[in-house]
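Computed over heavy atoms, backbone and side chain alike; hydrogens, waters and symmetry mates excluded. Below, read A as the first sequence line, B as the second, and so on, with proteins coming before strands; counting in each chain starts at 1.
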2 protein chains.
Amino acid sequence: MSRARRALAPSPDTPVPPAVEADLRVDLGPLPNLVGYAMRRTQVAVFADFIATLSELGLRPAQFSALLLIDRNPGRKQSEIAEALGIQRPNFVAMMDEMDRRGLTRRLTSETDRRSYVLELTEAGRTLLERAVELVSEHEARITRDLSRDEVDLLLGLLARIAN
Amino acid sequence: MSRARRALAPSPDTPVPPAVEADLRVDLGPLPNLVGYAMRRTQVAVFADFIATLSELGLRPAQFSALLLIDRNPGRKQSEIAEALGIQRPNFVAMMDEMDRRGLTRRLTSETDRRSYVLELTEAGRTLLERAVELVSEHEARITRDLSRDEVDLLLGLLARIAN
DNA sequence: TATTGTTATACTCTATAACTATA
DNA sequence: TATAGTTATAGAGTATAACAATA
């Protein structure tokens, strides 16, 4: 009998759809009105496109952002790059191993602290990153194609004010 | 030498911060201006709060949305609920097993098709869902506390226009 | 003592192939 | 022949404890 009480969102109370369609679509209830749910669903779709975009270069999202940060932050330690990306240090090791093996990055033993590595891109790494940046730029244009520049800025601003 | 070319975002060209701080923060480059990156970072933070919110009921996010859909869609098959949630059918089985075991849901063999199950909530399931809906409502208010009602609607609208 | 990179490990989420029983 | 639920399995991503080398 009783549906769980609507403690959520001032329901827009969508009018009951015509009988034919009524049985086809599953009622998502308040889910579409939840910021968390909407953001997750959208993010999953965007991420899928992002992964597909980079896959032609054999890069995964975390690798792309790692290359970007290494390029922009010469002299930084492995642990600093990892932390900035929100990646646990242990999990960053295998990622660096693979990128080293592919000849995209190099780990130089620091001259001031022999415990740590200084990361840098190889020439191949820089070339690949440039191509990746182009592809990501296209991806960005693709996912925001229905939004104006102002709307994109608005979205970025709103996202920055969530969950802080 | 050459940083990877800025094919991305009309950089707001943040003025170089004072020398003291310059070394502390890792330069994220164009990442913060990428909708995908911003959305992922925000979503991770929101999801962490969501998981913590439901953990006191022993529910995980997918279980919450499953309970919600079962409650709202009496007579639906297991596979229909799973698909509406974007969960692979095989992965939904263990979830239903656990919720059945906890006495939150029941699987009734369909009278019209003996291959399929009709899902329903038990009284305990409905009670737990009601409490969960309250907690999620508080979570929603918490993550959007810096936004007006109009801004939340604006955000939902913008998200809906991404990656479709 | 504390930190850096590392190894080992475990847990969750997700994805696919293949089985069974029904249709 | 196709579909619903299931099993088994594999791959990401993520998290923590603990060790060796160094500070």
Side-chain angles (χ1 to χ4, degrees), chain A residues 26 36-37 40-41 43-48 50-52 54-55 58-66 70 73 75-101 105-120, chain B residues 26 36-37 40-41 43-48 50-52 54-55 58-66 70 73 75-101 105-120:
Chain A
V26 170
Y37 183 83
R40 177 154 177 80
R41 276 301 178 107
Q43 197 272 321
V44 165
V46 167
F47 211 53
F50 189 58
I51 291 171
L54 291 176
S55 69
L59 282 183
R60 276 158 301 175
Q63 292 175 318
F64 167 72
S65 52
I70 293 169
N73 298 273
R76 290 296 191 158
K77 289 182 297 182
Q78 188 169 310
S79 51
E80 290 175 318
I81 300 292
E83 196 198 359
L85 291 170
I87 299 174
Q88 303 289 328
R89 271 70 81 219
N91 297 331
F92 196 55
V93 173
M95 236 184 74
M96 285 307 303
D97 285 348
E98 188 183 335
M99 296 202 296
D100 270 24
R101 186 187 50 75
T105 54
R106 263 192 296 262
R107 286 185 261 209
L108 312 176
T109 15
S110 165
E111 292 173 359
T112 61
D113 183 344
R114 289 171 50 208
R115 288 172 303 182
S116 63
Y117 288 138
V118 165
L119 305 182
E120 66 173 30
Chain B
V26 169
Y37 182 84
R40 177 154 176 81
R41 275 303 176 105
Q43 199 272 321
V44 164
V46 167
F47 212 53
F50 190 57
I51 290 170
L54 290 175
S55 70
L59 283 182
R60 276 159 300 175
Q63 292 175 318
F64 167 72
S65 52
I70 294 170
N73 298 273
R76 289 297 191 157
K77 289 182 299 183
Q78 188 171 309
S79 51
E80 291 176 317
I81 299 293
E83 197 199 357
L85 291 170
I87 300 174
Q88 303 289 327
R89 271 70 83 219
N91 297 331
F92 195 55
V93 173
M95 235 185 75
M96 284 306 304
D97 285 349
E98 187 183 335
M99 296 202 295
D100 271 24
R101 186 187 50 73
T105 54
R106 262 191 298 262
R107 285 186 264 209
L108 311 176
T109 16
S110 164
E111 293 173 358
T112 61
D113 183 344
R114 289 170 49 205
R115 288 173 302 183
S116 63
Y117 288 138
V118 165
L119 306 182
E120 64 172 32

[X] side-chain proximity, nearest of [options]:
| X | options | result |
| --- | --- | --- |
| A/Pro90 | D/dA12, D/dT6, C/dT6 | C/dT6 |
| A/Ser79 | D/dG5, C/dC13, C/dT4 | C/dT4 |
| B/Arg115 | C/dA23, D/dT7, D/dG5 | C/dA23 |

Separation of [N] [atom2] from [X] [atom1] (nearest whole Å):
| X | N | atom1 | atom2 | result |
| --- | --- | --- | --- | --- |
| A/Gln78 | C/dG5 | CD | C1' | 6 Å |
| A/Leu108 | C/dT4 | CG | C1' | 16 Å |
| A/Ile87 | C/dT4 | CD1 | C1' | 17 Å |
| B/Phe92 | C/dC13 | CZ | C1' | 15 Å |
| A/Glu98 | D/dG13 | CD | C1' | 14 Å |
| A/Asn91 | D/dA17 | CG | P | 14 Å |
| B/Arg76 | D/dG5 | CZ | P | 13 Å |
| A/Met95 | D/dG13 | CE | P | 9 Å |

Problem - B/Arg107 vs D/dT6: side-chain N/O to OP1/OP2 distance below 4.0 Å - result: yes

Practice task
For the pair A/Gln63 (side chain) and A/Arg60 (backbone), establish whether a donor and an acceptor sit closer than 3.5 Å, ignoring hydrogens and angles.
Solution key: yes

Exercise for the section: Using atom types as modelled and distance alone, determine if a side-chain donor or acceptor of B/Ser55 lies under 3.5 Å from a backbone N or O of B/Gly58. Expected result: no

Practice task
Using the closest heavy atom to pick a nucleotide of DNA chain C for each, name whichever of A/Val93 or A/Arg40 lands nearer the 5' end.
Solution key: A/Val93

Pick base, sugar-phosphate or nothing for [X], based on heavy-atom distances below 4.0 Å to the nucleic acid.
| X | answer |
| --- | --- |
| B/Asp113 | sugar-phosphate |
| B/Arg89 | base |
| A/Tyr117 | sugar-phosphate |
| A/Gln88 | base |

Practice task
Identify the residue among B/Gln78, B/Lys77, B/Met96 that makes a side-chain contact (heavy atoms from CB on, under 4.5 Å) with B/Tyr117.
Solution key: B/Gln78

Handout entry: Heavy-atom neighbours of A/Glu83 CD exceed 12 at 6.0 Å
Key = no

Exercise for the section: Give the intermediate values and the outcome of side-chain contact (heavy atoms from CB on, under 4.5 Å) for residues B/Ile70 and B/Thr105. Expected result: CA-CA 9 Å; B/Ile70 294 170; B/Thr105 54; 4.0 Å; yes

